[in-house]
Amino acid sequence: MRGRLEIRTPEGIAFALPLAGPVARVLALAIDTACVFAASIATGMLLGFLGLVSADMAQALGTLSFFVIQMGYGMTAEWLWRGQTVGKRMLKLRVVDASGLSLRLHQVVIRNLLRFVDALPMFYAVGGAAVLCSRHCQRLGDFAANTVVIRLPKVSEPDLDRLIGGKFNSLRSHPHLVARLRQEVSPEEAAVALQALMRREEMVDQSRVELFGALADHFREAVAFPPECVEGIGDEQYVRNAVDVLYRTKPPARAKTEEEPIS
């Protein structure tokens, strides 16, 4: 279906992501272009001091810095902000893997390197034509990197206290590993786990066991917590604990700790 990216996980869970349209992408590109020019102007002013020594060297470095900033801006922002630049953040867009997996560094590099081809002959004519003709609104860089640009939907946050509960979460005793888990797990993967918890009552027992087993294994592979921290925790509770730390930076006020007495 055009306008939506439908993904089905190996566990049989299907979900759809809304794709970013040409207008939103052009607006985000305009903002990012303004950021690149602002950074280039600031760099040019600094290089202007070299003009006092060698005007030719200052001009050459200025031209080189523009291309470095143009390429480095997109790569650095999309990698550090998990598929977002300043423009994409303002327009609520994100670059993701077309298969629903976490965005890889080589994908970020490829889609930004091919930006020069998409920009040909001028004003992103090639890339714009590809987006309009593509089922998933992909430019050439997206085709090569196997990525898509999605819109981040506005969703009302579920009652996590009611869904997850206020029990002691042993994962929180290792904040450095929790921080790494938040870095390794994509928002789309976290959303799948949250949806699984919200719809667990709709599943038959065998499917629920298999699904939460696969989700728990995925989180365990992403970050390994010490055995004493997760000993005796079933797959479904492990997923609950993982979703808790992924969606809440602080424990709920009513959560019990190991030192607190249980009335």
Side-chain angles (χ1 to χ4, degrees), residues 1 3-19 82-83 92 94-104 136 146-148 150-175 177-227 229-252 254-256:
M1 181 184 299
R4 297 179 70 84
L5 175 66
E6 296 184 356
I7 298 175
R8 181 174 294 274
T9 68
E11 293 77 27
I13 302 299
F15 61 99
L17 300 174
L19 295 170
R82 302 172 70 174
K92 308 296 183 184
R94 186 187 298 277
V95 181
V96 299
D97 180 89
S99 301
L101 303 175
S102 299
L103 198 62
R104 299 291 189 264
H136 294 146
N146 193 37
T147 57
V148 295
I150 64 169
R151 291 184 291 106
L152 299 178
K154 295 181 180 179
V155 294
S156 57
E157 184 175 307
D159 187 349
L160 294 178
D161 287 335
R162 183 177 180 181
L163 180 64
I164 300 175
K167 296 182 180 179
F168 171 73
N169 186 345
S170 59
L171 302 186
R172 291 190 179 277
S173 58
H174 299 275
L177 295 179
V178 167
R180 188 185 305 170
L181 184 66
R182 294 193 183 111
Q183 183 179 10
E184 294 295 330
V185 176
S186 70
E188 292 72 31
E189 292 168 333
V192 170
L194 179 60
Q195 286 295 321
L197 291 172
M198 295 175 62
R199 302 176 63 177
R200 61 180 300 277
E201 299 297 336
E202 303 174 15
M203 309 177 196
V204 297
D205 292 342
Q206 184 62 29
S207 297
R208 186 171 67 218
V209 170
E210 293 177 357
L211 173 59
F212 281 105
L215 289 172
D217 288 342
H218 179 73
F219 290 140
R220 292 187 184 107
E221 290 176 3
V223 176
F225 285 82
C229 172
V230 297
E231 185 178 2
I233 299 179
D235 291 336
E236 186 170 335
Q237 186 58 48
Y238 193 96
V239 174
R240 288 180 184 275
N241 289 352
V243 170
D244 178 29
V245 298
L246 288 172
Y247 278 90
R248 295 193 288 200
T249 57
K250 296 181 180 180
R254 65 181 183 181
K256 302 292 185 181

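Numbers for residues simply follow the sequence, beginning at 1. Both backbone and side-chain heavy atoms feed into the values below; hydrogens, waters and symmetry mates do not.
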Has [X] got a side-chain atom pairing as donor or acceptor with [Y]'s backbone, closer than 3.5 angstrom?
X      : Y      : value
Arg94  : Arg82  : yes
Glu189 : Ser186 : yes
Ser170 : Cys229 : yes
Arg200 : Arg208 : no

Supply the atom-to-atom distance [X] [atom1] to [Y] [atom2], rounded to the nearest 0.5 angstrom.
X      : Y      : atom1 : atom2 : answer
Glu184 : Glu221 : CD    : CD    : 12.0 Å
Leu181 : Phe219 : CG    : CZ    : 7.0 Å
Arg240 : Leu194 : CZ    : CG    : 11.0 Å

Test item: [X] and [Y] side chains (from C-beta on) under 4.5 Å apart, heavy atoms:
X      : Y      : result
Pro187 : Val96  : no
His136 : Leu19  : yes
Asn241 : Val239 : no
Glu188 : Ile150 : yes
Arg172 : Asp244 : yes
Asp235 : Val209 : no
Phe212 : Leu197 : yes

Can you confirm whether more than 12 heavy atoms, excluding those of Arg180, are under 6.0 Å from its CZ atom?
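At most 12 heavy atoms, drawn from other residues, nucleotides or ligands, come within 6.0 Å of this atom.
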Test of understanding: with side-chain contact (heavy atoms from CB on, under 4.5 Å), list the residues that count as partners of Ser99, not counting sequence neighbours.
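By the side-chain contact (heavy atoms from CB on, under 4.5 Å) rule, Ser99 matches Asp97, Leu101, Asn146.
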Shortest non-hydrogen contact between [X] and [Y], atoms and distance:
X      : Y      : answer
Ala98  : Leu5   : O-CD2, 3.7 Å
Leu177 : Pro226 : CD1-CD, 3.6 Å
Val178 : Leu171 : CG2-O, 3.2 Å

Using side-chain contact (heavy atoms from CB on, under 4.5 Å), reason through Tyr238 and Leu215 one step at a time and then give a plain yes or no.
CA-CA 9 Å; Tyr238 193 96; Leu215 289 172; over 6 Å; no
